[in-house]
Protein chains: 2
Amino acid sequence: MPDAQILVVDDEPDILSVLVYHLSREGYRVTTAVNGQGALTSAEAEQPDLIILDLMLPGMDGYEVLQRLRGAESTSSMPVILLTARREEDERVRGFEVGADDYITKPFSARELTLRVEALLRRSKAEPVSTSRRVTVGPVVLDREAHRVFSEGVEVDLTRLEYRLLEVMLERRGRVQTRRQLLQAVWDTNAAIETRTVDMHVARLRTKLGNAASLLETVRGIGYRFRALDK
Amino acid sequence: MPDAQILVVDDEPDILSVLVYHLSREGYRVTTAVNGQGALTSAEAEQPDLIILDLMLPGMDGYEVLQRLRGAESTSSMPVILLTARREEDERVRGFEVGADDYITKPFSARELTLRVEALLRRSKAEPVSTSRRVTVGPVVLDREAHRVFSEGVEVDLTRLEYRLLEVMLERRGRVQTRRQLLQAVWDTNAAIETRTVDMHVARLRTKLGNAASLLETVRGIGYRFRALDK
DNA sequence: TCGACCCGTGACGAACTCGTGACAGTTCCC
DNA sequence: GGGAACTGTCACGAGTTCGTCACGGGTCGA
């Protein structure tokens, strides 16, 4: 975390200054933007290590900013924490679907802020999630070449969908995946499948993973997340 | 990894030069090609130790290049790293299916590049896959010179296709092979053959292998795999 | 020409996989 | 504390996949 640069985007001066204050005190370099256009420009130009983005902005709202960030090559994998007053699940779901990495609801404590910032920075530094023929997360090993999976050293026998589901969850470890996202990633095209079916497969996968099942966490109201274990 | 020769295939001058720069600096001999035809020719002529292949090429694209490499005897087991900007899963899956050994997504760091190159060279050196006169995996011995096969010390009499199928499975032991891959490897050219026919030959091969048949595993929904018994 | 062998395909049953409804357990909010 | 929303688990039927059998066409040598 030392010397990381953070872009804070918020149009309310009060909140902006609170954010800047806390983050600066923790030793981060902070830059700011007060609207969507400025956010995009700064993100592109300064390549910050993390962005904190308010959803409610004049003109272009947070979703659109996020969507555009994800669309551009140079910012597509930039860690983003969404900031919102709304507790609505729909909002959060939409946020994760558009590609948010984490979420903070107002009002928030300084401690919550820094914890989330640290966690996200650590995570994105840990692994430039890329595709290799073998993925290891804690006690879980997935070997793409052999198409085999081990949990705590023991081979586990997975069906095609279970394997695929695990593969996706491991690749996107640390990030919440909505049921819809999982459907899209695991079940090819927009299959006409109940989102509840995902739960079923998660359950089956968990029983087969044994003790490691606890790493596959439920995020109530949103979806699932495979815990990212930093080394 | 000292003195290994690498063939880099990319039509974009910028990326090509970056690749050449980094690889040369690491001490590799580097040759280049800017399109599919040139890649095939160079691979054939220079027998590089590794190929880095961009997916997006003018004319013949990376998949086709890879497919042709895998189809020709002298290049069929050449280690290939695919290079792509696309993060899509489909692309990756397709890449592995066609026979890529690894994958790098743009943008990549110099470090990631050299790590993957080293890993792959090390790996392919470790298992001198092809053209050794004799392949032994557990109780199964295939003697290329004598064109004979033994299972648990007993000679087994195989037909031409059975022999070829076993040979391919042994060469690629530990890796899942889809029916399509097997068709391509065993039945030369894109024969118009039902994929189910592969099953039939696997079954025939199994009965002849006796107890060793259990090493030739079915991976439901995917294909087959010969269990790798590591020394 | 004939028989022996090899090979590709269709058919079919067994085993497995998967999606869904139902219901119980849990969590969250008021 | 009570109710609503959400999640875990069970059971079951439909669909898929795979192993095996049977058969017919093709090839090759005698």
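Naming convention: chains lettered A, B, ... in sequence-line order (proteins, then strands); numbering from 1 in each chain. Here the structure is a predicted model, which means the values were calculated and not measured.
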S.K.: Looking at A/R70 and A/D101, is there a salt bridge between them, counting it only when a charged N and a carboxylate O are closer than 4.0 Å?
M.R.: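 Counted as a salt bridge, because a side-chain N and a carboxylate O are separated by less than 4.0 Å.
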S.K.: Going by salt bridge (charged side-chain N to carboxylate O under 4.0 Å, His left out), name the pairs with one or both residues in residues 147-158 of chain A, residues two or more places apart or in two chains.
M.R.: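 Qualifying pairs, neighbours excluded: A/R148-A/E155, A/E155-B/R227.
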S.K.: For A/D61, what residues pass the salt bridge (charged side-chain N to carboxylate O under 4.0 Å, His left out) criterion, not counting sequence neighbours?
M.R.: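 Residues passing salt bridge (charged side-chain N to carboxylate O under 4.0 Å, His left out) with A/D61: none at all.
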S.K.: Any N/O pairs under 3.5 Å between the protein and nucleotides 26-28 of chain C? List them or say none.
M.R.:
residue, atom, partner, partner atom, Å
C/dT27, O2, A/R220, NH2, 3.3

S.K.: Just to verify, what does B/T218 make a side chain to side chain contact (heavy atoms under 4.5 Å, CB included) with, not counting sequence neighbours?
M.R.: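 Partners of B/T218 under the side chain to side chain contact (heavy atoms under 4.5 Å, CB included) test: B/R206, B/Y224.
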S.K.: Can you sort out which residues in residues 203-216 of chain A have a heavy atom within less than 4.0 Å of DNA chain C? Ascending by number, please.
M.R.: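 Within residues 203-216 of chain A, the residues near DNA chain C are A/R204.
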S.K.: Going by salt bridge (charged side-chain N to carboxylate O under 4.0 Å, His left out), name the pairs with one or both residues in residues 8-23 of chain A, residues two or more places apart or in two chains.
M.R.: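 Found A/E12-A/K106.
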S.K.: What's the closest nucleotide to the A/R179 side chain, out of D/dA11, D/dT7, D/dG8?
M.R.: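 Among D/dA11, D/dT7, D/dG8, the one nearest the side chain of A/R179 is D/dT7.
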S.K.: Checking A/R179 now: which residues fulfil salt bridge (charged side-chain N to carboxylate O under 4.0 Å, His left out) with it, not counting sequence neighbours?
M.R.: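 Testing A/R179 for salt bridge (charged side-chain N to carboxylate O under 4.0 Å, His left out), a comparison that skips the adjacent residues, returns A/D199.
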S.K.: Tell me, please, which residues at least two apart from B/E167 pass salt bridge (charged side-chain N to carboxylate O under 4.0 Å, His left out).
M.R.: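 Once residues adjacent in sequence are excluded, the partners of B/E167 under the salt bridge (charged side-chain N to carboxylate O under 4.0 Å, His left out) criterion are B/R144, B/R164.
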S.K.: Please list all pairs meeting ring-ring contact (aromatic ring centres under 6.0 Å, His included) that have one or both residues in residues 142-168 of chain A, counting only residues at least two apart or in different chains.
M.R.: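 For residues 142-168 of chain A: A/H147-A/Y163.
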S.K.: How large an angle, rounded to 10°, do the end axes of the helix from C/dT1-D/dA30 to C/dC30-D/dG1 enclose when each is built from five base pairs?
M.R.: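 The angle separating the two end axes equals 30°.
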S.K.: In chain order, what residues pass the ring pair (Phe, Tyr, Trp, His ring centres under 6.0 Å) check against A/H22, with sequence neighbours excluded?
M.R.: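 None.
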S.K.: Between the protein and nucleotides 25-30 of chain D, are there any N/O to N/O pairs under 3.5 Å, and if so, what are the atom names and distances?
M.R.:
none

